Amino acid sequence: MSVRLADVIGVLDEAYPPRLAESWDSVGLVCGDPDDTIEAVTVAVDPTPAVVDEVPEGGLLLAHHPLLLRGVDTVAASTPKGALVHRLIRTGRSLFTAHTNADSAAPGVSDALAQALGLTVEAVLEPRAGGPDLDKWVIYVPRENADAVRAAVFEAGAGHIGDYSQCSWSVSGIGQFLPHDGASPAVGSVGTVEKVAEDRFEVVAPARIRPAVLSAMRAAHPYEEPAFDVFALLPPPGDTGLGRVATLPRPEPLRDFVSRVGAALPATAWGVRAAGDPDMPVSRVAVCGGAGDSLLAAAAGAGVQAYVTADLRHHPADEHRRASGVALVDVAHWASEFPWCRQAADVLRSHFGAALTVRVCTIRTDPWNMGQMDQCGDDNGGER
C-alpha cells in the first residue's frame, strides 16, 4: 500500500505547525514531489549519509534537524550537503524537516523527553504567545449613531473572536466637550459646553488592519474629532512553547534522578553530567530537548529542583549555579531529542495504520564518538 506524500505532509503540519518555527529556522519539505506516493517513512534526528542509507528508495526521511539551515548558493554534488541532496533526488527519496516547530508543538520534543524520563508534564517552561497581535478599540459615539459606526468597523474586519463575528461590548454614558474657535461641531456650538448621551463600545481587531479600522470609524462617525482609544493587547500564553515543567512519581535524590536520566536516554560519549547537591530531593523538574541554556532563567523561576537539557556552556551554567539552587543535568543534544522520533512515528502510525511503514532510525548521529570517565568526581556534585 502507499499514500501521497502531500497527505503525509498534511499530517505532519497539523502535528507540528510550521507557524511555530522560529523566524531563523528552515522547516518543511526539502526535496520530493508532494504528488508522489510513498510506502515508507524513516524518522531520525539528523539527515546524515548513514541515515539516508536506511531510507528505502522512494521513501521519506523525516528529520528533526534541517539539512539546509543556513542560506546556501550551491547544492553541487561536489559539496557534502549537495551530494546528499543529489543522492536523495536520484533515488526518489524525499526529505522533510520538523525542527523548532516540533520543539514548540504540544506534544513536541520536550514532551517526548519528559515521557522518556517517566515524568508527568504540568506546564510549558517558556510559553509561546497564544494568538495573533490584537488591538482593542474603545470608541465613543452619540447613541443614535452607534449602530452605524459599529457596522463600519465590523465591515473593516473588527469584531472577530474565534468562530464569532460582529462581537462588541457597549455601555451608555454622558460625553462632554467645549468647542473652541475654529471648531465645526456636529453637535452644539462654539463657546458652549455640550453634554451628549453617548455609547462607549469596544471591539477587537488584528493589529495589521489598524489603518482600515481607523479609516472606517472616522468615515462613519458624526464628530469632527471622534474620541477613541486603541490598546495593543498582550496575547495570552498558549499550550505551545519551549521546554516543559514536569513532576516525578515520587521524590528522589538528585543522584538517583541523574541515574534515571542516564538509563532512560540512549548512551553517548557525552554521557550525563550534573551540577548540584547529590542528596537534594527532586520532585519537580524542567526539561528542554536540544540546546537549552537560553532557558536557564526560566528554569530558575519555575519552582523546580533540577533542569534537564543539552549543550550547556561553562559560563552560563556557572552563573546559573551561583545564582540559583536549581541543579543542572546536561546530556548530549542528540540523546535529548531522540525520544521525539518515536513520538513522530506514532503520529504517522496512528493516522495511516498499515498503509504506511514507519520506522525510527537507531543510528547514533551524535557527532561526539569518544569520551573519558570522570576521574575526579566528589560528593559536591562536580563543584570543585
Side-chain angles (χ1 to χ4, degrees), residues 1-105 108-109 112 289-290 333-334 337-349 351-352 355-367:
M1 301 180 69
S2 60
V3 299
R4 291 176 65 244
L5 176 57
D7 295 331
V8 176
I9 291 173
V11 172
L12 292 172
D13 282 349
E14 182 176 355
Y16 310 114
R19 62 179 173 78
L20 297 180
E22 300 295 324
S23 59
W24 50 262
D25 201 6
S26 176
V27 301
L29 189 63
V30 179
C31 63
D33 186 341
D35 289 330
D36 284 348
T37 58
I38 60 173
E39 296 181 356
V41 177
T42 302
V43 189
V45 175
D46 298 288
T48 66
V51 170
V52 170
D53 284 341
E54 293 209 348
V55 180
E57 288 198 11
L60 169 66
L61 172 57
L62 168 58
H64 180 52
H65 290 150
L67 176 66
L68 305 174
L69 177 59
R70 308 302 178 197
V72 297
D73 55 14
T74 178
V75 287
S78 56
T79 64
K81 292 186 177 182
L84 197 57
V85 170
H86 279 258
R87 190 163 144 214
L88 286 162
I89 294 173
R90 284 170 178 161
T91 56
R93 295 177 172 102
S94 302
L95 173 60
F96 186 92
T97 298
H99 190 209
T100 54
N101 50 328
D103 290 335
S104 285
V109 171
H333 190 121
W334 171 81
E337 294 177 330
F338 182 73
W340 169 81
C341 295
R342 175 175 292 182
Q343 179 199 96
D346 287 344
V347 167
L348 295 176
R349 288 173 183 144
H351 188 89
F352 294 103
L356 191 65
T357 300
V358 183
R359 63 177 296 273
V360 172
C361 178
T362 58
I363 294 175
R364 186 181 72 179
T365 55
D366 179 33

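Model, not experiment: these values are computed from the prediction.
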How about Arg342: does its CZ atom have over 12 heavy atoms from other parts shown lying under 6.0 Å from it?
->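 Result for CZ/Arg342: open.
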
Glu22 atom CD, over 12 foreign heavy atoms within 6.0 Å =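 Atom CD in Glu22 is crowded, with more than 12 foreign heavy atoms closer than 6.0 Å.
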
Distance-minimising heavy-atom pair for [X] and [Y]:
| X | Y | answer |
| --- | --- | --- |
| Asp13 | Pro18 | OD1-CG, 3.6 Å |
| Ile89 | Cys31 | CG1-CB, 4.1 Å |
| Thr100 | Ala21 | OG1-CA, 3.3 Å |
| Ala44 | Cys361 | CB-CB, 4.0 Å |
| Pro47 | Pro66 | CG-C, 4.5 Å |

Quickly, which of Thr37, Leu29, Asp36 forms a side chain to side chain contact (heavy atoms under 4.5 Å, CB included) with Asp33? Name it, please.
->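 Single pass found, and it is Asp36.
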
Not counting sequence neighbours, which residues clear side-chain hydrogen bond (donor to acceptor under 3.5 Å, both in side chains) with His351? List them please.
->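 Once residues adjacent in sequence are excluded, His351 has no partner under the side-chain hydrogen bond (donor to acceptor under 3.5 Å, both in side chains) criterion.
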
Could you check Phe352 against Val11 for side chain to side chain contact (heavy atoms under 4.5 Å, CB included), going step by step and ending with a plain yes or no?
-> CA-CA 9 Å; Phe352 294 103; Val11 172; 3.7 Å; yes

CA sep, side-chain torsions, deciding dist, call: Asp103, Leu20, side chain to side chain contact (heavy atoms under 4.5 Å, CB included) | CA-CA 9 Å; Asp103 290 335; Leu20 297 180; over 6 Å; no

Check: Gly108 main-chain N/O paired with Gln343 side-chain donor or acceptor under 3.5 Å |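 Yes: the side chain of Gln343 pairs with the backbone of Gly108.
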
Hey, is the main chain of Leu61 close enough, under 3.5 Å, to the side chain of Arg93 for a donor-acceptor pair?
->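 No, the answer is negative, given that no donor and acceptor are paired below the 3.5 Å cut-off.
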
[atom1]-[atom2] distance between [X] and [Y], expressed to the nearest 0.5 angstrom:
| X | Y | atom1 | atom2 | result |
| --- | --- | --- | --- | --- |
| Asp35 | Arg4 | CG | CZ | 5.5 Å |
| Leu60 | Leu88 | CG | CG | 10.0 Å |
| Ile38 | Phe96 | CD1 | CZ | 11.0 Å |
| Arg90 | Glu57 | CZ | CD | 12.5 Å |
| Tyr16 | Thr97 | OH | OG1 | 13.5 Å |
| Phe338 | Ile363 | CZ | CD1 | 10.5 Å |

Would you tabulate the side-chain donor-acceptor contacts of residues 79-86 under 3.5 Å, counting partners in other chains and residues two or more places apart, or write 'none'?
unit_1, atom_1, unit_2, atom_2, d
Thr79, OG1, Ala76, O, 2.7
Thr79, OG1, Gly82, N, 3.1
Lys81, NZ, Leu67, O, 2.9
His86, NE2, Val75, O, 3.0

Full working for side chain to side chain contact (heavy atoms under 4.5 Å, CB included) between Trp340 and Val45 = CA-CA 8 Å; Trp340 169 81; Val45 175; 5.6 Å; no

What residue pairs, at least two apart or across chains, pass side chain to side chain donor-acceptor pair (under 3.5 Å) with a residue in residues 41-53?
->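 Passing the test, one end in residues 41-53: Asp46-His65, Asp46-Thr365, Asp53-Arg87.
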
Parallel, tilted or perpendicular: which describes the rings of His64 and His99, with under 30° parallel and over 60° perpendicular?
->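 Because their plane-to-plane angle is over 60°, the rings of His64 and His99 count as perpendicular.
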
